[in-house]
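Just so you know, ligand 1 is whichever comes first in the structure, and atom 1 is the first atom listed for that ligand.
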Amino acid sequence: MQKPVSTLIRLIPVFFLSCCLFSLQSVTYGESLGTITVEAGNYTRNDTPVSLDLSGVPEVFPGDDIRLVEVNGSRRLSVPVQFEAGSPPRLWWVLSGTTEPGTERKYELLKGDASAARGVSAVQDKKVLELQKDGTKVLSYNHAVVLPPAGQSELYNRSAFIHPLWSPSGSILTNIHPDDHYHHLGIWMPWTKTKFEGKAVDFWNLKAGQGTVRFNRFLSTTSGPVFGGFQAEHDHVALQTADGEKIVLKEVWDVRVYNIGGPGAGYWLWDIVSSQRCVADSPLLLEKYRYGGFGFRATADWKSETAAYLTSTGKTRKDGHATRARWCDAAGVSDGNWKGITFFSNPQNFRHPEAMRIWPGFEKEVFFNWAPVQTGDFEMKPGQDHLFRYRMYVHEGKVDVERTEQIWNDYAHPPKVEIATVASDGAIMLFGGADFSHWTAGEGKDIGWKLIGDTMKISPKSGSIMTKRDFADFKMHLEFKIPQTPPNVKGQGRGNSGVYIQRRYELQILDSYGQPPKYNECASLYKTRPPDKNVCRMPNRWQSYDIIFHAAKFDGSTKTDNARITVWHNGVLVHDDVALENKTGAGRPEGPEPGPILLQDHGNEVSFRNIWIVPL
Ligand code: MG
């Protein structure tokens, strides 16, 4: 499996890559883990990124080396893959070339080292994070504050936006601080007419001094053979509440550029998902307004006759504003040639197809905005998540409707991907959603936890539960969700649970979102070792642990070797083969006998799902 490490990728000479990637290879293939079928469905596919949901597929583990081979008759072609940790974990690759409607393609998933592939890199400095495809710049995300033109108010100081966005041939397609709107910032995403604690807050028109948006931190950056990207956290701040500045929304941008297209093919494809949560005590009311949300300000080169809009319903600059569409293309002439960008709204989006702000003729230049607020008020309640998903197709030339519809079909109706796994050596689904058959609350006690859909949830004070079976060495995957606790609940009271391995060593579960790594916070080996990084997600989001455990070794009753543990939290390695010198405080004493996996009831409604284990 290709690991997302950009430095490694940069070290591989190009000539080596070109031979190993684009030719048939004679390689020694490892043990088969399963057969994957991709069905095109009703649509023609062209270099389509696809992914496989790995929930309950113990054959693929974050630390494993795996490779994917396309099987076409007697031909076998190695295909670069990328593992995306998460809940669910996914495996990504590109359905390369053209796949006709109604056809399917077969792949085999194998153990063994994948060949290194060049792809999309995230390159960061003190000001920006740049996504590059094969060394060519695609877009630049500004995490440092960018100052407005000289003499303008410092209220315009702003971070957390994309600029420049480049065309595949290298033209800059975005603009910031244009004279007519100093607050326009390439690609950015604030709300305009809102009400918070009874007062108007405008996060868009910065000069009003009511609100702003700030970069807070990167949650991840990824370089890889299938996609590269970043996750960045933004604070939407009300500047003038009764208590001064207050963070109203926490937003996470998940931006990824796919390793398809490029200067030769004349296009890029990239996605953004913005998840927004009200983190204040009172809700944010978004009032009906003609703009607000995902915004794009085009380069000043695109003007009047050298600029055009086209929507999926056939509207243009003349009649497009305040209509709703699946996609909208904005294009213009830069460096002597037409180029453009198509914006796609995901069918799962709130109020899809969303209403749009398209500038009418008198504006001359080009601005585009997905504006779900245009069709009515809505409220963001504390603790609730709102997701806004968009795809961007950046292209040389004018809009090609047939190709655009093809991209739409990939986004809205992706190919069906399924795996038939070769039965792995003794994988046990400890919890797949159906029942507690692998679990016990202890002798003579009934399990008091709730079964809800594919999850189980702690009923506080009903007691911890543990596996009926004992384990020594194993690898294990589990997913958990921590509830939102009120702000007055502090420290160890916030969503506490834990995974007690062999009922001895606790891997802590806690709401540690935004905290520094500590020996009693989430993903710590409780009171023994903090995680190398704190990658804890917000409450109410699913998270994952992947664990490799080797039991302590004993000669009679004398310990000869410590237990050892490796843990990935949300796919990030946080304990790398760490020795456990002793049990956790409340754990059972160390000894030669194996033990169960215990899930701790610490009085909070923590949920679990998709738990499997492979004894080693
Ligand atoms: Mg605990």
Side-chain angles (χ1 to χ4, degrees), residues 87 430-431 439-442 445 447-450 455-467 471 474 476-547 549 563 565-570 572 574-575 578 580-590 595-611 613:
S87 185
L430 290 174
F431 184 75
W439 300 86
T440 171
K445 273 189 75 184
I447 293 177
W449 295 23
K450 295 189 191 101
T455 73
M456 56 169 156
K457 187 164 160 182
I458 296 174
S459 298
K461 311 281 187 230
S462 68
S464 302
I465 65 169
M466 66 193 116
T467 55
F471 296 96
F474 60 83
M476 179 181 182
H477 172 88
L478 81 153
E479 297 171 21
F480 60 94
K481 189 169 75 173
I482 293 164
Q484 179 76 52
T485 39
N488 62 331
V489 179
K490 303 285 182 206
Q492 297 293 308
R494 296 184 68 79
N496 197 332
S497 179
V499 184
Y500 266 83
I501 292 164
Q502 294 191 323
R503 226 178 153 176
R504 294 184 170 109
Y505 316 97
E506 185 187 11
L507 175 61
Q508 174 70 309
I509 290 177
L510 193 70
D511 172 11
S512 304
Y513 182 68
Q515 303 292 322
K518 225 175 130 190
Y519 74 166
N520 60 358
E521 296 282 353
C522 201
S524 67
L525 301 165
Y526 188 70
K527 291 283 174 85
T528 301
R529 187 178 190 275
D532 292 335
K533 275 185 205 163
N534 178 7
V535 292
C536 196
R537 298 205 173 120
M538 286 186 204
N540 282 332
R541 296 248 165 94
W542 283 101
Q543 311 195 48
S544 64
Y545 282 150
D546 292 284
I547 304 164
F549 178 79
I565 189 166
T566 299
V567 179
W568 290 263
H569 182 196
N570 297 326
V572 177
V574 294
H575 299 286
V578 167
L580 289 160
E581 288 178 9
N582 207 348
K583 61 152 186 145
T584 306
R588 208 172 55 159
E590 291 192 291
I597 309 294
L598 179 142
L599 302 177
Q600 183 191 39
D601 170 13
H602 200 285
N604 293 122
E605 291 189 316
V606 174
S607 302
F608 295 88
R609 71 177 183 192
N610 195 18
I611 309 176
I613 193 164

Specify whether Phe480 and His569 have parallel, tilted or perpendicular ring planes, treating 30° as the upper limit for parallel and 60° as the lower limit for perpendicular. parallel
Evaluate Glu590 against Lys583 for salt bridge (charged side-chain N to carboxylate O under 4.0 Å, His left out), listing each step before the verdict. CA-CA 6 Å; Glu590 291 192 291; Lys583 61 152 186 145; over 6 Å; no
At a cut-off of 2.8 Å, what protein N/O/S atoms sit near the Mg ion (ligand 1)? Asn496 OD1, Ser497 O, Glu506 OE2, Gln508 OE1, Gln600 OE1
Tell me if a side-chain donor or acceptor on Arg504 pairs with a main-chain N or O of Pro589 at a distance below 3.5 Å. yes
Examine distances only and state if a side-chain atom of Ser524 and a backbone atom of Gln508 form a donor-acceptor pair shorter than 3.5 Å. no
Tell me if a side-chain donor or acceptor on Asn534 pairs with a main-chain N or O of Cys536 at a distance below 3.5 Å. yes
Under a 3.5 Å distance rule, please check whether Asn540 uses its side chain to pair with a backbone N or O of Pro483 as donor and acceptor. no
